[in-house]
Amino acid sequence: MNWLTSYLNLASAYIKINFKSLLAYRGAFISQMVAMFINDFVWIAFWCLFFTRFPVVKGWGVNDVITLWAIAASGFGLAHMIMGNALALPGIIMRGELDSWLLYPRAVLPHLLLGKSSASSWGDFLFGIVVYAIFVKPDLAHFSLFMALICSVAVLFVGFSVFTGSLAFFMGSAESVSTQLRIAMITFSTYPSPIFQGFVKVLLFTLLPAMFVSHLPVSALRNMSMIDALYSVGGALGVLAAGIIMFYVGLRRYESGNLMEMRG
Amino acid sequence: MENAVSAVQLAKNFVLKKRDGLRWTESEVKAVDGITLSIERGQSVAFIGPNGAGKSTTIKMLTGILHPSSGQATVLGCVPWKERTRLAKRIGVVFGQRSQLWYHLPPRDTFELLSKIYEIKKDVFLSQRDMLIERFQLAEFLDTPVRKLSLGQRMRAEVACSLLHSPEVIFLDEPTIGLDVIARQELRDLIREWNREKGVTVFLTSHDAGDIQHVAKRVVVINHGRVVLDDRVSRVRRQYLSEKVLSVKYADMPESIALEGVKTLKESGHAFRFEVDTLAIPIEKVMTEIMRIGSVVDITIEDPPLEEVIAHIYSAPPTATEEDEDEETGAEDE
C-alpha cells in the first residue's frame, strides 16, 4: 500500500499547486468556470423545454436526462480538473514533451496526467453536483451513489482520453483525431441511451464506451441497482486498462523533441 | 573507483519517412553512431559538438528517456532505459530550453512539489532547500512568480531545483543559453563549486567555450554521432592547435622581425601582437629574437581561444580510426 499512499500524496501536492497556478489569474479562471457552468446549463434548459413537449422518451423522463448530464459533466470535470494533461496528451507526445516527465522517479503516465488542471473542468464538476442536488433532490443514499458513479465516469474519461491521446505514438499528428473521438464520446454520452439500438448500441458499449457514462449509471441511480453500478465501474476500469496498455505500448516508439518548454 | 557514466558502442538510429510520389519510403538516420565513453565519479566533463552531432540524443539515452538502437550504458550502475525511476532519484538534469519551474508560481512552490515527487523527508528537504537558497542566492526572488524573474535568476533557480534531491550526477544541457555575461559567470561558478565541494559528477553540453573552460576539466567532442576527441581541456587548448599568440611591448621602436612561422597580427606604436606557429619554429627561438630586436617592457604568451580550437575540431572530417584512438587518450583529472 506504500505506493498508493505515495501516489495520493503526490496527487494532493499536484491538486494544490495546480489550483494555485489557476488562481494566479483569478479572473480568467473564474470566468472560464462560470462560462462552462452556463454552457452546460443551456443544455439542461433545452432538455427541460423538450420534455415539457414530450414528457417521456422511451421510458426516460426529464429527471433521467438531468441525472445523465449531472453524471457526465461532473465525471468529465473531475477527470480533467485533477488529470488535465489527459486532454493535452496527443500534443505532449507529438511535440516530444514527454522527456521532462521521464526524468522523474515516478511512473510516467499517472505522474504526467496530474501535471495540469483544466480550468473549465471545475465548472463542469460544480455544475453536475449543483444541478443534481437542486433538480433531482436526491436522498443521502442516492447522492452517495451519485458521487461514487462520478468517480467511475471520471476514470472512464481519463482512460478514454489516454487511449485516444496515445494514438499520437502511432500516427504522429493525432490531436485532431483524438479531439474528434472525445467529442463523439461526449455527444453520445449526453443523449438518452434508449434511443440507440442495434449496431450503434454495440458500438457504444465498445469502441465509444458512452453507455458506461449514460445508460448504466442512470439505471443504477434510478433503480438503486448495485449490479448496474458495478458494471459501470467494471467498464470504466476496462477502458482505463485499455488506455494504459495503449500508452505503454506506444511509449516504446517514443522519439523525443527539442522544443522550448515551460510548466504551469 | 566505480564509473559514474559508462557507455560502450552506444548507438541510436531514427527512422525517417519520406514521401516519394504516392509511396512512403523509410530510411535510417544515425543520430549516435557507437559512442564509447567512461566518466569517473566526481569528474566534470564537457560533452560538445556542433548542432545535430548527437549530444542531446546521447544525454537522453544516458538519462533513460530514449532506448538505444544498440550498445550498452550504465549510469551509477543502473541501465538508464531499464531502471529509469531508480536512476532518476540519483541524477539531476537541467535542460536550458526546458523548465521544471512553474511559470505562474514562485520557485518556492516548485521546491515543495519536487520534495513530494522525490519523496524527500521533510527535515532533509528543509535543510537542503535552505542551503540551496543561501548558496544560489535565491532568497530575494523565492516568492516572486517565475514569469517575473530574469533569465539569470530563473536558471539559478532551475539548477537549484535539480540539486534538491542531492543527485550524484548532474546533466546540464546548454544551461547558460541566452544568459548575459554576469549571469553566465555566476552559474558557471556555482556548478564548478558543486562539482569540487560536493563531488557531484558534472556532464555538461554547451556551445559556449567559456562554459567548457570554466566548468569542465575534460572535454569529449562528438561529431556525426561519434567521439572525435576526448582529452583534458587544458591540453586540448595547448596542443590541438600549434599557434601561440605573443603580445610584446617595447620601450622604443624595435627592428623588424623576419622569422618563418611568425606573423604580425597587430602593430600599435611600440606594441606588437604576433602569431607563432610552433610547428614551424620553436617558441624559445622566437623569444630570443624578440629580446634581440629591442628593449622589451612587457610580454605575454597566450593559448589560442578555445572557440578556435573547437571550430578546428568540428571542421575535421570524420575518420574511422579516431574513436579507437580516443579510447586510449581517456582524460585524467587534475
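In what follows, every heavy atom counts, from backbone to side chain, and hydrogens, waters and symmetry copies are set aside.
- No other option in B:Arg90, B:Arg84, B:Lys116 has as many heavy-atom pairs under 4.5 Å with chain A as B:Arg84.
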- Task: Would you check, one step at a time, whether the test side-chain hydrogen bond (donor to acceptor under 3.5 Å, both in side chains) holds for B:His207 with B:Asn51?
- Result: CA-CA 9 Å; B:His207 286 292; B:Asn51 288 329; 3.0 Å; yes

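- Seen from the ring of B:Phe125, B:Lys121 does not count as a face-on cation partner, given the 6.0 Å and 45° thresholds.
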- Stepwise, does the ring pair (Phe, Tyr, Trp, His ring centres under 6.0 Å) test hold for A:Trp122 with A:Phe19? CA-CA 10 Å; A:Trp122 290 76; A:Phe19 191 61; 5.0 Å; yes

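- Heavy atoms of B:Arg86 lying under 4.5 Å from chain A are absent altogether.
- In this structure, the portion of B:Leu105 lying under 4.5 Å from any heavy atom of chain A is its side chain and not its backbone.
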- Intermediate values then yes/no, salt bridge (charged side-chain N to carboxylate O under 4.0 Å, His left out), B:Glu119 and B:Lys89: CA-CA 9 Å; B:Glu119 296 179 284; B:Lys89 283 203 171 183; 3.4 Å; yes

